[in-house]
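Please read these numbers as outputs of a predicted model, since none were measured by experiment.
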Amino acid sequence: MDEQPRLMHSHTGVGMAGHPGLPQHMQEGTGGTDGDGRKQDIGDILQQIMTITDQSLDEAQARKHALNCHRMKPALFNVLCEIKEKTVLSIRGAQEEEPPDPQLMRLDNMLLAEGVSGPEKGGGSAAAAAAAAASGGAGADNSAEHSDYRAKLSQIRQIYHTELEKYEQACNEFTTHVMNLLREQSRTRPISPKEIERMVSIIHRKFSAIQMQLKQSTCEAVMILRSRFLDARRKRRNFNKQATEILNEYFYSHLSNPYPSEEAKEELAKKCAITVAQVSNWFGNKRIRYKKNIGKFQEEANMYAARTAVNAANASSHGSQANSPSTPNSFIWGFFNIPPIPCLYEKYLQHKFQFTLA
DNA sequence: ACCGATGATTGTTG
DNA sequence: CAACAATCATCGGT
């Protein structure tokens, strides 16, 4: 029985070309001592197998056929299969169950979030909502670019899915091809089901690597699309006239201290149908630009000051002239560059606000 | 096509 | 962290 490893080793030279073969230690101990009949038989077979490569093709073919029909063949083949299975199992144990790739997970998550790999239509709703938030409320004006964006996104999506399907199909085709090949070969060389399984998993891994590349490039495409279409700076819209008027009204009526509180910003945002961040941006821009060139804004300032003055006058003529803290005065000192009342002056100092000091 | 206006972003400062 | 300052990129009128 100690001859089997050698037999197998020899066999690799014939039917298992390219197979790594067995470990060295299994080839030791070939010394049969007693002249048993079966041993003789095995020795015979061994001899035949080992010399088979020296023969011509026809001769070798004939010899192979003879060996195939040998009465010992099934038993030997079974032993080979057994040994093979053990070695395959040990190999398999080494590279067991790789953990899910974190990068692949990230890509999958992003594709899902962008509505590329998710459910068919309306999948882009998350992205669309994000886009709406990014470009700032007032949905009417940006519907056009959204449809453009969505069209491009669905284009990417379509490419992604067809490519993915192609890979899947190719993978399946290749897998079945290899499996058929292996099954066919398993008649002439020992291939366990586990080995086939392993081979399939190797193929799948290779193909999933390709899929990952596809996912990566799809993600890149989506990112580029996003930055091109959804970067608010690129596709900015001027605020509508009404919003600008509301903002200007507040600005010029609080010219001494044009720093709306968080609550005031929220209210302005609501009135103008823009975000609080946009209100902050607007005031930031306005303050700096006003300060840079007060002369240029003088006319505008006068206009809004006059308007608020008229409003205030109307209001006071109608009801009791109760609360009109800083608004009426703003015209005066906004115009003459004099800080108005003490409480505002404090704020004025606090904020080092120097608009009024030409 | 040009150019000033304008909303947004980025980097710095207190 | 909010405000400032500089800058970007587009808008809108000519």
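Residue pairs satisfying the salt bridge (Lys or Arg N to Asp or Glu O under 4.0 Å) criterion with at least one member in residues 248-273 of chain A, sequence neighbours excluded, are listed as follows: A:Glu249-A:Arg307. Applying the salt bridge (Lys or Arg N to Asp or Glu O under 4.0 Å) test to pairs two or more places apart or on separate chains, those with a residue in residues 103-113 of chain A are A:Asp108-A:Lys215.
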Which pairs of donor and acceptor atoms, one on a side chain in residues 171-178 of chain A, lie under 3.5 Å apart (sequence neighbours left out)?
| unit_1 | atom_1 | unit_2 | atom_2 | d |
| --- | --- | --- | --- | --- |
| A:Thr175 | OG1 | A:Cys171 | O | 2.6 |
| A:Thr176 | OG1 | A:Asn172 | O | 3.1 |
| A:Thr176 | OG1 | A:Glu173 | O | 2.8 |

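When the P atom of C:dC11 is taken as reference, atom NZ of A:Lys241 falls 18 Å away, rounded to whole Å. Rounded to a whole Å, the CG atom of A:Asn281 is 14 Å from the C1' atom of C:dA6. In this structure, the CG atom of A:Asn285 is 8 Å from the P atom of B:dA8, given to the nearest Å. When rounded to the nearest whole Å, the span between CZ of A:Phe283 and C1' of B:dG7 equals 14 Å. The separation between A:Tyr259 atom OH and B:dG14 atom C1' is 13 Å, rounded to whole Å. Rounded to a whole Å, the CD atom of A:Glu263 is 15 Å from the C1' atom of C:dA2.
Under the 4.5 angstrom side-chain criterion for Ile, Leu, Val, Met, Phe, Trp and Tyr, the cluster partners of A:Met212 are A:Leu104, A:Leu107.
Side-chain N/O atoms of A:Arg237 include none lying less than 4.0 angstrom from OP1 or OP2 on B:dG7. Contact annotation: A:Lys291 reaches the phosphate of C:dA5 (side-chain N/O to OP1 or OP2, under 4.0 Å).
Evaluation of the side-chain hydrogen bond (donor to acceptor under 3.5 Å, both in side chains) rule for A:Ser56 yields A:Glu59 as partners, not counting sequence neighbours. Partners of A:Gln158 under the side-chain hydrogen bond (donor to acceptor under 3.5 Å, both in side chains) rule, at least two apart in sequence or in another chain, do not exist in this structure. Residues passing the side chain to side chain contact (heavy atoms under 4.5 Å, CB included) test with A:Gln213, sequence neighbours excluded: none.
The environment of CG in A:Asp58 is sparse: at most 12 heavy-atom neighbours from other residues, nucleotides or ligands sit within 6.0 Å.
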Taking only N/O atoms, report every protein-nucleotides 2-6 of chain B pair under 3.5 Å with atom names and distance.
| unit_1 | atom_1 | unit_2 | atom_2 | d |
| --- | --- | --- | --- | --- |
| B:dT6 | O2 | A:Arg236 | NE | 3.1 |
| B:dT6 | O2 | A:Arg236 | NH2 | 2.3 |

Writing each nucleotide of DNA chain B 5' to 3' as (, ), [, ], | or . by Watson-Crick or G-U pairing under 3.5 Å yields ||||||||||||||
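Atom CG of A:Leu214 sits about 8.5 Å away from atom CG of A:Leu111, to the nearest 0.5 Å.
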